[in-house]
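A quick write-up on the structure given underneath.
Treat the numbers as computed from the prediction; the structure is a model and nothing was measured. As the structure lists them, so they are numbered: ligands from 1, and atoms in each ligand from 1.
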Amino acid sequence: MAKSKSTIVFVCDKCGEEYSQWQGRCSNCGEWNTLKEFSIPVADKRDMRSAGYSGATTSKKQRLKDVAGERLQRRTAGVSEVDRVLGGGVVPGSVILLGGDPGIGKSTLLMQVAAQFDGEVLYVSGEESPEQIKLRAERLSITSENIQLLALTNVEAIAAIIEKETPGLLVIDSIQTMYDPNFPSTPGSLVQVRESAMRIQQLAKILGVPVVLVGHITKEGTVAGPRTLEHLVDVVLYLEGDPQHDLRILRAVKNRFGDITETGLLAMGENGLTEVGNPGEFLLSERVQAAGSVLTTIMEGTRPLLVEVQALTVPSVFGYPRRTASGFDLNRLNLLLAVLQRRAGIDLSNQDVFLNVVGGLKVKDPAVDAAVCAALASAVTNTPLPEKLCIIGEIGLAGEMRRVQQQARREKEVTLLGYQTNVQYKELRQLLDAYSLRKK
Ligand code: TYD
Ligand code: MG
């Protein structure tokens, strides 16, 4: 097909929606005056449609049994928690998107990976100058000679360099700062993010270079940019955590080369991120035994983590009681308060309730239900629980205690660390009675 043939499309700068005709307002996102005209060569358009494909492009067909497996030979990222999340290391030619809030430690993590990586690393930064990166590297005591820095944002120029040098690993920090000069919109716009990522992805596949793209996160908590970005890449990782706390959790939400149940646990310290190899009691170091404090477990991938739930109750000043939860779903808290009232006779309707999951974690695991109930009961009766007690269990609407996912593994870890669990109780009422949490 002749290269000169091209189609004209209008793309919304805000949401990335495509139209065949210009219109004043994007009917997808409702923004005015955001449609920009693009002429997309027909050949490119075809490429775009196949952009979700993750292998190198070849027109030769072959039998499945003859396909050589060596392309999947992984290389270690150097940081074992990263390898763990990736499913055993970096696959050549794979594109990894690393998302996370600003300041959470993405650049720090990638600098540490770059330092440990077995091979040449090209670190392209559109956010920081080489001097700033050097400062970070000094803080991390990095002396590796395999890291090349490049402060550049033009993907065409970057592509030319990669084609010439073929690094062992390419880091793009961040994809929102990159732009392709063939498209007239500004860096960070959806069109630029998409086109730059596509360009880098194709190059990665052809040259077999693994790439990590850093992505910023929107208020809604997803990587900023068109949805196509997540479809385009092979692996989507998120680095999460509360900036006020040390713990960082690396999670995969998509992985074409491994499963997404495994998570990486890291701790941000003075000299960068360290691996929390054996997390168990990691979060409990500052625990003070008091009424309203209860231990429970959450699963991070296949590893149980002991966490502390704290509750505080005070009589409401105004008629309407306040409920505040940090790290825990407010609706779930309201549900548990209703169960406590109806099934265990603990009425908190005239109390303000504050609930906190220690360590800056956001807990969704239903296994903490029983611990939340016990913490509330313990707080309102001012009765502390035994220090070495760890409560595991989901609470049903009938006030029954249910077994939870990976119960055996949790119990094993709890016992291993020298704590006791509460497995013998079938009902919330029994559990609370066992620790005298129902009498006032
Ligand atoms: P950074 O990696 O720049 O975050 P991101 O790239 O995700 O925006 O990390 C920034 C934060 O991490 C900053 O607030 C300082 C802190 N930090 C440490 O606590 N210890 C360290 O060794 C380093 C390098 C950074
Ligand atoms: Mg950064």
Legend entry - Minimum-distance pair of heavy atoms, taken over all atoms of Asp173 and Ser107: OD2-OG, 2.7 Å
Inset, instruction - Can you sort out which atoms of ligand 1 are near Leu140, meaning under 4.0 Å from one of its heavy atoms? - result: 22 (O), 24 (C)
Inset, instruction - Around atom 22 (O) of ligand 1, find the nearest protein heavy atom and jot down its residue, atom name and distance. - result: Gly272 N, 2.5 Å
Inset, instruction - Can you see which heavy atom on Arg332 is nearest to which on Ile395, and at what distance? - result: NH2-O, 3.6 Å
Legend entry - Arg139 versus Asn271, closest heavy-atom pair with distance: O-OD1, 3.2 Å
Inset, instruction - Give the residue, atom name and distance (to 0.1 Å) of the protein heavy atom nearest atom 6 (O) of ligand 1. - result: Ser107 OG, 2.7 Å
Legend entry - Nearest-contact summary for atom 16 (C) of ligand 1 - protein heavy atom, Å: Met268 CE, 4.2 Å
Legend entry - Part of Arg136 with heavy atoms under 4.0 Å of ligand 1, whether side chain, backbone, both or neither: side chain
Inset, instruction - Counting heavy atoms only, name the option from Ile217, Thr108, Ile104 that's nearest to atom 2 (O) of ligand 1. - result: Thr108
Inset, instruction - Consider every N or O of Gly269 and every N or O of ligand 1, then say whether any pair is closer than 3.5 Å. - result: yes
Inset, instruction - Determine, step by step, whether Asn182 and Glu195 satisfy the side-chain contact (heavy atoms from CB on, under 4.5 Å) criterion, reporting the C-alpha distance in whole Å, the side-chain angles of both residues, the deciding distance to 0.1 Å, and the verdict. - result: CA-CA 9 Å; Asn182 297 317; Glu195 298 304 327; over 6 Å; no
Legend entry - ligand 1 contacted by Gly105 (non-hydrogen, < 4.0 Å): yes
Legend entry - Side chains of Ile200 and Met198 in contact at under 4.5 Å (non-hydrogen atoms): no
Inset, instruction - For the Mg ion (ligand 2), decide whether Ser174 has an N, O or S atom at a distance under 2.8 Å. - result: no
Inset, instruction - Grab the two heavy atoms, one from Leu348 and one from Thr313, that are nearest each other, plus how far apart they are. - result: CD2-CG2, 4.4 Å
Legend entry - Which atom of Leu35 lies closest to which atom of Trp22, heavy atoms considered: O-NE1, 3.6 Å
Inset, instruction - Report yes if Glu128 has an N/O atom closer than 3.5 Å to an N/O atom of ligand 1; otherwise report no. - result: no
Inset, instruction - Specify the protein heavy atom at minimum distance from atom 11 (C) of ligand 1: its residue, its atom name, and the distance to 0.1 Å. - result: Gly103 O, 3.4 Å
Legend entry - Region of Met111 engaging ligand 1 - heavy atom pairs below 4.0 Å: neither
Legend entry - Shortest non-hydrogen contact from Thr297 toward Val368: O-CG1, 3.9 Å
Inset, instruction - For ligand 1, indicate whether the residue Asn271 contacts it via side chain, backbone, both or neither (heavy-atom separation under 4.0 Å). - result: backbone
Inset, instruction - Check whether more than 12 heavy atoms from other residues, nucleotides or ligands sit under 6.0 Å from atom NZ of Lys412, and answer yes or no. - result: no
Inset, instruction - Could you tell me if any non-hydrogen atom of Pro243 lies under 4.0 Å from any atom of ligand 1? - result: no
Inset, instruction - May I ask you to identify the nearest protein heavy atom to atom 15 (C) of ligand 1, giving residue, atom name and distance to one decimal place in Å? - result: Arg139 NH1, 4.1 Å
Inset, instruction - Step through the shown structure and confirm whether more than 12 heavy atoms of other residues, nucleotides or ligands are within 6.0 Å of CD on Gln289. - result: yes
Inset, instruction - Return yes or no for this condition: an N or O of Pro102 is under 3.5 Å from an N or O of ligand 1. - result: no
